[in-house]
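Structure, as structure tokens:
Nothing here was measured: the structure is a model prediction, and the numbers come from that model.
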Amino acid sequence: LTGPLPSNLFNQEALIILDLHGNKFTGHIPEFEDSPLLTFLALQDNDLTGSIPASIGFDHLLLRHIDLSQNMLNSTIPDTIGSLNALEYLFIALNPFLEPGPVPSFLGELTNLVDVSFQDSNREGQLPTELGLLTNLVLLDLAANEIEGDIPVELGNADRLRFLFLNENHLSGNVPGSFEQLTDLVVTMIDSNDLTGNVNSLCTTEHSRLVTYVADCSEFVAEDGIECECCECCNDDDPNCNDVEWFGDLNPVWEDEYVRKHYAFEENQVIYAKLSYLDETGEDEDQAVGDLDADFGNGND
């Protein structure tokens, strides 16, 4: 599909799911005028330009999923997104023409967030300490930006993190000792930064789930570098070390058996599955939460 997005689709009182991803839509995102039941918004992988409407945060109390990634948006990120308390999935990644700005501190108000990606979205400045309030967060992708300064100690409070991408930034200082609390980490990327010190706190038996760990290190302590005994590889020594593109998409089964929150479409029903992680037996640790149609019908979430 090509051309501008039909503005009437954004003004539907009964609209629950709006999925237009993977097309060739151009132009701006229309204003959200009257869609109070909207729960799932997928506009990624198009050719959209212009701004992210502030109205996206108005009266959308049920909105759980926003994916605007892989477009050419060129505005700021509206603070009104911080009012979407039900939001669990927020991807604004691969929008390199967004106006430069920090990783939004309003993320700390969205305590139901599970997946967040601002990869390659022109983020700069320091990481907000409010990230530590996201105790349900499983995936945090802030790679390929211009973020600088220290990694906040508070990030260690997000102790459900399994996928952490801070690579390709300008972070400096030490990796905080609070990372010892992140015992669920499966993939950790901190390479292509200016970090220093010992990061072996993630090399303990408590971090037995850690599959991929990449930093700027060497077999021994490099001058002004990182000591990492369990890194899968060290990006400064091996140009092929971190040459894999890590980016989530609508396929709910992603890297390393990570099954993220997703919609499964079946006749006459919409199932919203809880995020799960396949254990050693191949069984899901978490179970699906059931049919949401009943919830939408009675106005509850």
Side-chain angles (χ1 to χ4, degrees), residues 1-71 73 75 77-93 95 106 109-117 136 248-252 259-275 286-301:
L1 298 176
T2 62
L5 291 171
S7 59
N8 63 309
L9 286 180
F10 295 76
N11 185 20
Q12 300 289 329
E13 291 185 1
L15 184 65
I16 296 173
I17 297 167
L18 181 57
D19 186 352
L20 299 173
H21 86 279
N23 287 289
K24 296 295 181 181
F25 286 113
T26 57
H28 67 280
I29 300 173
E31 294 291 335
F32 296 79
E33 296 182 5
D34 189 10
S35 49
L37 298 182
L38 186 63
T39 302
F40 185 98
L41 176 65
L43 301 179
Q44 74 272 20
D45 193 14
N46 280 287
D47 296 315
L48 298 172
T49 57
S51 64
I52 302 172
S55 56
I56 197 172
F58 299 161
D59 300 322
H60 293 119
L61 301 181
L62 300 179
L63 195 53
R64 294 181 176 180
H65 180 115
I66 296 176
D67 196 337
L68 306 178
S69 58
Q70 296 173 281
N71 280 292
L73 301 171
S75 68
I77 297 173
D79 290 341
T80 54
I81 293 177
S83 66
L84 301 174
N85 294 327
L87 200 61
E88 298 173 349
Y89 182 93
L90 178 60
F91 260 45
I92 307 183
N95 274 292
F106 67 65
E109 302 173 30
L110 304 176
T111 55
N112 288 311
L113 279 172
V114 175
D115 293 355
V116 173
S117 179
N136 290 307
D249 56 30
L250 276 184
N251 183 354
V259 183
R260 64 173 175 79
K261 289 179 179 283
H262 64 283
Y263 277 92
F265 298 92
E266 298 181 11
E267 186 176 359
N268 299 322
Q269 64 178 1
V270 179
I271 297 176
Y272 193 81
K274 290 180 67 176
L275 174 140
D286 296 319
Q287 304 298 320
V289 297
D291 184 356
L292 282 191
D293 281 349
D295 292 336
F296 294 137
N298 61 26
N300 296 324
D301 184 21

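Between Asn136 and Thr111, the shortest heavy-atom distance links the atoms ND2-O, 2.9 Å. Between Asp47 and Lys24, the shortest heavy-atom contact is OD2-CD, 3.6 Å.
For the atom pair CG (Asn112) and CG (Leu90), the distance works out to 13.0 Å, reported to the nearest 0.5 Å. With values rounded to the nearest 0.5 angstrom, Asp45 atom CG is found 8.0 Å from Ser69 atom OG. Distance check: Leu41 CG to His65 NE2 gives 7.5 Å after rounding to the nearest 0.5 Å. Asp79 contributes atom CG, which lies 8.5 Å from atom CD of Glu109 (distance to the nearest 0.5 angstrom). Interatomic distance, Leu20 CG to Leu48 CG, rounded to the nearest 0.5 Å: 9.0 Å. Taken from OG1 in Thr2 to CG in Asn23, the straight-line distance is 9.0 Å, to the nearest 0.5 Å.
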Table please: side-chain donor-acceptor pairs of residues 50-63 below 3.5 Å, with sequence neighbours left out.
unit_1: Ser55; atom_1: OG; unit_2: Glu31; atom_2: OE1; d: 2.5
unit_1: Ser55; atom_1: OG; unit_2: Phe32; atom_2: N; d: 2.9
unit_1: His60; atom_1: ND1; unit_2: Ile56; atom_2: O; d: 3.0
unit_1: His60; atom_1: ND1; unit_2: Phe58; atom_2: O; d: 3.0
unit_1: His60; atom_1: NE2; unit_2: Ser35; atom_2: O; d: 3.4
unit_1: His60; atom_1: NE2; unit_2: Ser35; atom_2: OG; d: 3.0

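Here the side chain of Asn11 pairs no donor or acceptor atom with the backbone of Glu33 at under 3.5 angstrom.
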Decide yes or no on side chain to side chain contact (heavy atoms under 4.5 Å, CB included) for Leu9 and Leu15, but give the supporting numbers first.
CA-CA 8 Å; Leu9 286 180; Leu15 184 65; 5.5 Å; no

Test side chain to side chain contact (heavy atoms under 4.5 Å, CB included) applied to Ile66 and Leu84, step by step
CA-CA 10 Å; Ile66 296 176; Leu84 301 174; 3.7 Å; yes

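At a threshold of 4.5 Å between non-hydrogen side-chain atoms, the residues Phe25 and Asn71 do not count as touching.
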